[in-house]
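Each remark here refers to the structure printed beneath this line.
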Protein chains: 2
Amino acid sequence: MATLRDVAVAAGVSPATASRALSAPDTVSTARRHRVIEAAERLGYQPNRSAQALASGQSGHVGLVLPDLANPSFAAIAKGVQAQARGSRNSVLIADTDEDARAEREIVRDLQANVDGLVLCSPRMPEEQIRECAAAGPLVLVNREVEGLPSVTFDSAAGVTQALQHLRALGHRHVAYVGGPTSSWSDAHRRRALGSVDGVEVTDVGSHRPVHQGGVAAADLALETGATAVLCYNDLIALGVMSRLRARGVTVPDDISVVGFDDIGAASYVSPMLTTVAIPLTRAGHEATTMLEQLRSDGTDGHPVRLPVELVVRESTSPHASTAPLT
Amino acid sequence: MATLRDVAVAAGVSPATASRALSAPDTVSTARRHRVIEAAERLGYQPNRSAQALASGQSGHVGLVLPDLANPSFAAIAKGVQAQARGSRNSVLIADTDEDARAEREIVRDLQANVDGLVLCSPRMPEEQIRECAAAGPLVLVNREVEGLPSVTFDSAAGVTQALQHLRALGHRHVAYVGGPTSSWSDAHRRRALGSVDGVEVTDVGSHRPVHQGGVAAADLALETGATAVLCYNDLIALGVMSRLRARGVTVPDDISVVGFDDIGAASYVSPMLTTVAIPLTRAGHEATTMLEQLRSDGTDGHPVRLPVELVVRESTSPHASTAPLT
DNA sequence: GTGAAAGCGCTAACAA
DNA sequence: TTGTTAGCGCTTTCAC
């Protein structure tokens with residue numbers, strides 16, 4: 001493997017000049033710069049990142065911590081982070097905490113020691129720990145807000161309102177809400193908007209695991225409330241609710257309407273296709289990474305950013321029977 | 001940030017001893033080892049990976065190259081790689097090539113210069129390029145075989161056979177096969193088993209994009225063949241086929257049976273639940289990473305490993321009407 | 001078993 | 001603009 005020294009020798013310049021020619025081109029005379037670049041290409045020179053990191057104090061790595069890569073929502077965020085990072089010639093060190101809260105703190109510590117900045121997606125880490133992490137290095141939160149720390153979240157309260165308004169417009173007056181993990185920031189945030197629409201009564205049927213199975217468990221509870229529509233913490237739950245409803249002979253949307261959150265791929269694969277609040281996950285990954293880069297350069301503090309969401313009306317919602325428009 | 005030097009001073013030993021105490025414990029006397037470890041913990045010492053890498057020539061990073069993180073199958077592989085790598089105190093540098101074949105070669109080159117080994121998941125990179133990559137450093141292929149290179153694949157030919165046998169047992173005699181990308185190794189591998197079951201005629205309806213939309217496009221073609229069942233390259237396609245069939249008023253499984261490949265989450269979320277060939281994606285990630293570690297230590301060549309697959313019968317397949325068992 | 005010393009490949013003052 | 005000189009923090013001979 002060719003080193004920078006080799007390139008310098010081949011180009012007939014000092015290592016320092018070679019270094020400059022490659023990483024700060026305009027500080028070097030045109031002629032020499034060309035010679036260096038040419039030599040680098042000819043030798044197939046690849047900079048040694050470890051050496052660069054050691055010498056410059058910048059690893060060129062962005063850390064990404066996620067609860068579960070296999071969850072399509074997190075994977076989408078990862079994709080965004082990845083794309084944006086590569087755009088600025090950074091690479092991504094990824095850590096899946098496997099929903100293990102205990103390991104998480106340690107994983108973050110470990111990672112943080114070796115990256116320039118961290119994108120942290122940890123719905124459940126105690127706020128106090130998050131602050132500790134933030135003190136240890138540049139960090140941007142995704143899908144969670146902590147006072148004073150930079151974050152990228154979704155305006156899902158607005159999403160809840162949109163969903164509720166949509167349901168009201170369809171004649172629904174009583175909606176059941178199937179919540180996500182109690183300790184999650186986004187669930188708390190959504191719950192706050194539950195009373196935001198006049199004329200719609202919302203019954204909370206509690207917290208459920210944000211997976212398909214959580215939805216099947218919640219479906220019976222939702223049915224029991226007598227609500228004519230159910231709004232779910234996420235699509236996985238919504239899909240679970242729909243499965244269970246179908247199994248019990250309840251038809252969606254004729255008997256009951258269902259709304260999800262996230263707009264994962266599966267939402268459009270099922271029948272009826274799921275009406276859901278789409279949240280720009282991949283964009284959040286972009287945004288967080290950009291913010292991280294700014295944090296590091298400008299040294300600014302970074303405001304929380306709240307990305308807009310959008311209700312996507314598909315087939316799982318329809319006019320409530322008893323108030324259906326007469327045709 | 002405390003350095004190893006700080007730890008050494010605090011423990012009253014030389015940096016060399018401190019280094020040994022931490023990374024080769026049994027080469028140091030018990031007493032000193034304890035002193036060093038204690039000091040390290042007290043100071044919150046975190047080794048600087050870049051320095052370790054530079055000095056030892058080992059980055060402690062495993063590279064992972066994938067076509068698309070947002071694709072649940074690849075995300076599952078990533079999860080496996082990640083878990084296994086952490087188990088051996090390595091971290092994962094991830095690169096999503098975004099299905100961009102041109103960028104891919106460069107991404108790999110770049111990554112390869114800075115990792116100890118690479119897990120490469122690239123269904124479409126030309127074989128010759130793959131060999132180049134393999135020459136540049138330790139590398140394990142996932143879901144693809146190249147003569148002489150270590151790889152982890154799935155015995156999906158056996159999966160095709162299982163699926164076909166299942167369909168034959170249900171009375172199907174004519175099956176349509178909806179293929180994946182022409183240039184993909186796994187599609188070629190599956191196609192080879194299409195004629196493996198006597199009494200079942202398989203009509204190939206061509207290559208399709210391995211996404212939902214690809215399936216909806218293929219559904220009409222499959223129908224046109226007059227086949228009573230359709231076997232798909234993957235679940236996304238199968239789901240697309242089912243959507244389209246439903247839209248055309250064709251009922252699954254009563255009118256036509258559908259079988260997928262992969263067993264992604266969505267396969268169990270839809271109705272009817274998809275019968276599919278489950279492939280151990282996450283395990284493949286584990287396996288590939290383990291293999292990579294062996295490659296590096298033993299220096300062995302690494303045999304190709306072919307993981308078993310399993311047909312999961314759900315609701316999208318049923319006896320063919322005209323030959324249905326009489327009840 | 002332990003320490004001193006020499007780098008790993010690069011960047012960043014500082015001089016020239 | 002360029003070269004010289006020091007390291008970055010760690011591992012690893014090599015003596016002791």
Phosphate OP1/OP2 of [N] contacted by [X] side-chain N/O (<4.0 Å):
X	N	value
R32(A)	dT2(D)	yes
T3(B)	dG9(D)	no
S29(A)	dT2(D)	yes
T17(B)	dG3(C)	yes
S14(A)	dG3(D)	yes

Checklist line | Check: R20(B) side chain, dT13(D) base, donor-acceptor under 3.5 Å | finding: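 Side chain to base: pair found, below 3.5 Å.
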Check: Considering only heavy atoms and no angle criterion, is a donor-acceptor pair shorter than 3.5 Å present between the side chain of R33(B) and the base of dG1(C)?
Finding: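 Under the 3.5 Å cut-off, the side chain and the base do not form any donor-acceptor pair.
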For [X] and [N], what is the distance between atoms [atom1] and [atom2] respectively, to the nearest whole Å?
X	N	atom1	atom2	result
M1(B)	dC8(D)	CE	P	16 Å
R49(A)	dC10(D)	CZ	P	21 Å
L4(B)	dT11(D)	CG	P	6 Å
Q46(B)	dG9(D)	CD	P	15 Å
R35(B)	dG1(C)	CZ	P	16 Å
D6(B)	dG9(D)	CG	P	9 Å
L54(A)	dG7(D)	CG	C1'	9 Å
R5(B)	dC10(D)	CZ	P	11 Å

Check: Does a donor on one side chain and an acceptor on the other come within less than 3.5 Å for N114(B) and S59(B)?
Finding: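 No, no side-chain donor-acceptor pair sits under 3.5 Å.
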Next item on the list: Examine the side chains of N143(A) and T153(A) and answer whether a donor and an acceptor come within less than 3.5 Å of each other.
Entry: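 Short answer, no.
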Notebook entry, point to check: When you check the gap from the basic side-chain N to the acidic O, do D68(A) and K79(B) get nearer than 4.0 Å?
Noted result: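 Yes.
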Item checked: Which residue lies more 5' along DNA chain C, comparing P15(B) with N48(A) via nearest heavy atoms ->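 It is P15(B) whose nearest nucleotide is closer to the 5' end.
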Note to self: Quick check on DNA chain C: between T27(B) and A51(A), whose nearest nucleotide comes earlier from the 5' end?
What the structure shows: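 It is T27(B) whose nearest nucleotide is closer to the 5' end.
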Check: In terms of side-chain heavy atoms of S56(A), which of dT12(D), dG3(C), dT11(C) is nearest?
Finding: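 Among the listed nucleotides, the one closest to the side chain of S56(A) is dT11(C).
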Margin query: Rounded at 0.5 Å granularity, tell me how far OH in Y45(B) sits from CG in L22(B).
Written below: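 Separation between the atoms: 6.0 Å.
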Next item on the list: Rounded to the nearest 0.5 Å, what's the gap from CG on L4(A) to OG1 on T17(A)? Could you check?
Entry: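 Interatomic distance, L4(A) CG to T17(A) OG1, rounded to 0.5 Å: 10.0 Å.
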